Amino acid sequence: MCPRGRRLINGEGGWLASARIVCHVLLVEAADGLVLVDTGFGTDDVRNPRQLTRPFTAALRPRLQLSETALSQVRDLGFDPADVRHVVLTHVDVDHAGGLPDFPEAQIHVFDREREAMLDPPLRERARYRVGAAHWAHGPRWVTHALEGDEWLGFESVRVLPGSDDEILLIPLPGHSLGHAGIAVRQEQGWLLHCGDAYFHHDEIRIPARCPPGLRAFQALVQANGRLRHQNQERLRELTQRQPGGVELICSHDPTELDHTL
Ligand SMILES: [Zn+2]
């Protein structure tokens, strides 16, 4: 997404230049198929940007290209999109769940609280879920997860694929949305924690924390619960201090983190 105001959003560059906001998605090769962590925008959004609503596209100016959809990128990596058996969502905002119709056979994993909010949103959250409705009109195969007392490095957690050797965990990080989750993926060495929209800029999880003012204002504008959001950012800062090298944190929208991963 390329909204105006690069300096206020990315913290460098011109005041009126286009900012760079990415949608960082993971593809995991698991034992029984592929797992996507978030989808970004989908091919339907590219063909019909109007379904994202005019206020959204006017403000955030998403660069909608087929080649950048998860569907295209899965193919470009040499995989069959039908082998994406699971999609694990941090939350269901349009820039995270837009690609759901591109993987109609996959099981879609979310926290029960996010699904509840989606089905019966409180008044001030209604617009958020109405914008995304086109992304689940086809009737995805939802799998909702509830906490059952498991713990991961001091956070509550639930295994997305119980019984499999693949360790992919939903970690509740509510605040941005009511059922917002981080997704922890066990790597060969250590863990990767995809924090979704729990923070937006890499300096927010460092000490001292810092965030460009435009990005800070945007997060406050779209948050479902500010108190929880700030608490969880504090816990992520504490995690990076406590586990140096053991856990790599990324968020959805920071271009520096994406460039670092590629
Ligand atoms: Zn987002």
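The figures here come from the full heavy-atom set of this structure, side chains too, leaving out hydrogens, waters and symmetry mates. Nothing here was measured: the structure is a model prediction, and the numbers come from that model. Start at 1 and go down the list; that is how both ligands and their atoms are numbered.
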Heavy-atom pair with the smallest gap, counting every atom of L173 and N232: C-ND2, 3.4 Å
Can you name the closest pair of heavy atoms from H194 and D38 and give their distance? CE1-OD2, 4.1 Å
The atom of D197 among N, O or S that is nearest the Zn ion (ligand 1) is OD2
H91-H176 aromatic ring centre distance below 6.0 Å: yes
Measuring to the Zn ion (ligand 1), does H253 have an N/O/S atom at a distance below 2.8 Å? yes
With a cut-off of 2.8 Å, does D93 place any N/O/S atom under that distance from the Zn ion (ligand 1)? no
Taking 2.8 Å as the cut-off, does an N/O/S atom of C23 lie below it from the Zn ion (ligand 1)? no
Can you tell me, to 10 degrees, how wide the angle at the Zn ion (ligand 1) is between NE2 on H96 and OD2 on D95? 100°
Provide the full list of side-chain hydrogen bond (donor to acceptor under 3.5 Å, both in side chains) pairs with a residue in residues 57-67, sequence neighbours left out, each pair given once. S18-R61, R63-E68
Using a strict threshold of under 4.0 Å (side-chain N to carboxylate O), is an ion pair present between E238 and R235? no
